[in-house]
Amino acid sequence: MKEDKEMALSCTNIVKVIVVTDNLEKTVNAYKNLLGTGTAPTEEAEHKQVRTPFTIYKGEPITDTPMKVESVFSDNFWFEIIQPLGDKDPWAQWLKEHGTSICSICLLTDGPLEADEEVMHNAGYESIFKQEKGYEAYEYFDAAKDMGVLVEVKEHYHDN
């Protein structure tokens with residue numbers, strides 16, 4: 001298959017792997033036993049709030065995504081381990097359908113998120129979750145049929 005650079009994402013640097021579980025402590029302990037605890041990645045710049053926050057799941061605004069979360073750091077990315085406590089978010093849905101497993105990979109975009117959003121839509125991957133936090137935005141795309149995972153694309157806003 002010929003590689004189409006115009007269809008490629010702006011960045012393919014995996015910054016985290018998201019694992020969902022029904023038992024946070026058990027899953028975190030298993031990852032820490034194999035990987036150690038590592039150190040959190042350092043940010044190059046401070047976050048800058050520039051947009052109005054919102055959260056959308058399957059096209060509808062939502063106000064809460066209850067969960068317990070813990071991170072386990074490796075040398076070049078981290079595992080974000082999530083135990084969903086609600087039922088109206090992509091993590092709860094993934095856990096219901098797949099059990100404890102890797103749910104998604106997160107790619108840090110070179111920005112803006114909207115450009116990579118267009119690439120994902122053109123590739124046939126539906127947006128199922130989008131959150132704007134004011135200082136960063138991220139969007140989950142359903143690539144599971146082809147890749148076995150959801151793909152999260154994240155943009156950080158920084159002071160220049």
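Treat the numbers as computed from the prediction; the structure is a model and nothing was measured. FYI, side chains are in, hydrogens and waters are out, and symmetry mates aren't considered; it's all heavy atoms of this structure.
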What I'd like to find out is whether the side chain of [X] reaches to under 4.5 Å of the side chain of [Y], using heavy atoms alone.
X: His121; Y: Phe141; result: yes
X: Ile81; Y: Leu24; result: yes
X: Val153; Y: Tyr138; result: no
X: Lys68; Y: Glu25; result: yes
X: Glu70; Y: Lys32; result: yes
X: Ile128; Y: Glu139; result: no
X: Ile18; Y: Phe79; result: no
X: Leu150; Y: Tyr125; result: no

Exercise for review: For the residue pair Trp78 and Phe73, categorise the inter-ring angle as parallel (less than 30°), tilted (30 to 60°) or perpendicular (more than 60°).
Suggested key: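 It falls in the tilted class, 30° to 60°.
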Review point. Is Ile56 isolated, or which residues cluster with it under the ILVMFWY side-chain rule of less than 4.5 Å, directly or via members?
Key: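 Its cluster partners, ordered by chain and number, are Phe54.
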Check your understanding: Which value, rounded to the nearest 0.5 Å, describes the distance between Met120 atom CE and Ser127 atom OG?
Key ->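 These two atoms lie 9.5 Å from each other.
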Please report the shortest heavy-atom distance between [X] and [Y], naming the atom on each side.
X: Phe77; Y: Val17; answer: CE1-CG2, 3.5 Å
X: Val151; Y: Ala143; answer: CG2-CB, 3.8 Å
X: Tyr31; Y: Ile102; answer: OH-CG1, 4.4 Å
X: Ile62; Y: Phe129; answer: CD1-CE1, 4.0 Å

Review point. When clusters are formed by joining ILVMFWY residues with side-chain heavy atoms under 4.5 Å apart, either directly or through shared neighbours, do Val28 and Val69 land in the same one?
Key: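 Shared cluster, no.
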Review point. Would a hydrophobic clustering, with Ile, Leu, Val, Met, Phe, Trp and Tyr connected at side-chain separations under 4.5 Å, put Val19 with Ile14?
Key: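 As far as the 4.5 Å side-chain criterion goes, Ile14 and Val19 are connected within one cluster.
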Just list the side-chain donor-acceptor pairs under 3.5 Å for residues 103-111, sequence neighbours left out, or say none.
{"residue": "Thr109", "atom": "OG1", "partner": "Ser10", "partner atom": "OG", "Å": "2.8"}
{"residue": "Thr109", "atom": "OG1", "partner": "Gly111", "partner atom": "N", "Å": "2.9"}
{"residue": "Thr109", "atom": "OG1", "partner": "Asp116", "partner atom": "OD2", "Å": "2.3"}

Point to revise | Ring centre gap for Trp91 and Tyr57 strictly below 6.0 Å | key: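 No - the distance between ring centres of Trp91 and Tyr57 does not fall below the 6.0 Å cut-off.
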Check your understanding: Is it true that atom CG of Asn76 has more than 12 heavy atoms of other residues, nucleotides or ligands lying nearer than 6.0 Å?
Key ->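 Yes, the 6.0 Å shell around CG holds more than 12 heavy atoms from other groups.
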Check your understanding: Would you say Glu118 has more than 12 foreign heavy atoms packed within less than 6.0 Å of its CD?
Key ->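 No, the 6.0 Å shell around CD holds no more than 12 heavy atoms from other groups.
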Review point. Does Pro53 offer a backbone N or O that forms a donor-acceptor pair with the side chain of Glu132 under 3.5 Å?
Key: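 Such a contact is absent between Glu132 side chain and Pro53 backbone.
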Point to revise | Contacts of type side-chain contact (heavy atoms from CB on, under 4.5 Å), residue Lys26, not counting sequence neighbours | key: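 Lys26 satisfies side-chain contact (heavy atoms from CB on, under 4.5 Å) with Asn23 only.
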Exercise for review: Report the residues that fulfil side-chain contact (heavy atoms from CB on, under 4.5 Å) with Thr100, sequence neighbours left out, ordered by chain and then residue number.
Suggested key: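 If we apply the side-chain contact (heavy atoms from CB on, under 4.5 Å) test to Thr100, skipping adjacent residues, the hits are Thr21, Asp22, Thr27, Leu95.
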Point to revise | Pairs meeting criterion salt bridge (charged side-chain N to carboxylate O under 4.0 Å, His left out) with involvement of residues 78-97, two or more places apart | key: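 Non-adjacent pairs meeting salt bridge (charged side-chain N to carboxylate O under 4.0 Å, His left out): Lys16-Glu80.
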**Study point:** Partners passing side-chain hydrogen bond (donor to acceptor under 3.5 Å, both in side chains) against Glu155 (at least two apart in sequence or in another chain)
**Key:**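 Applying side-chain hydrogen bond (donor to acceptor under 3.5 Å, both in side chains) to Glu155 gives none.
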Review point. Salt bridge between Glu152 and Lys130, side-chain N to carboxylate O under 4.0 Å?
Key: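 Looking at Glu152 and Lys130, the cut-off is not met.
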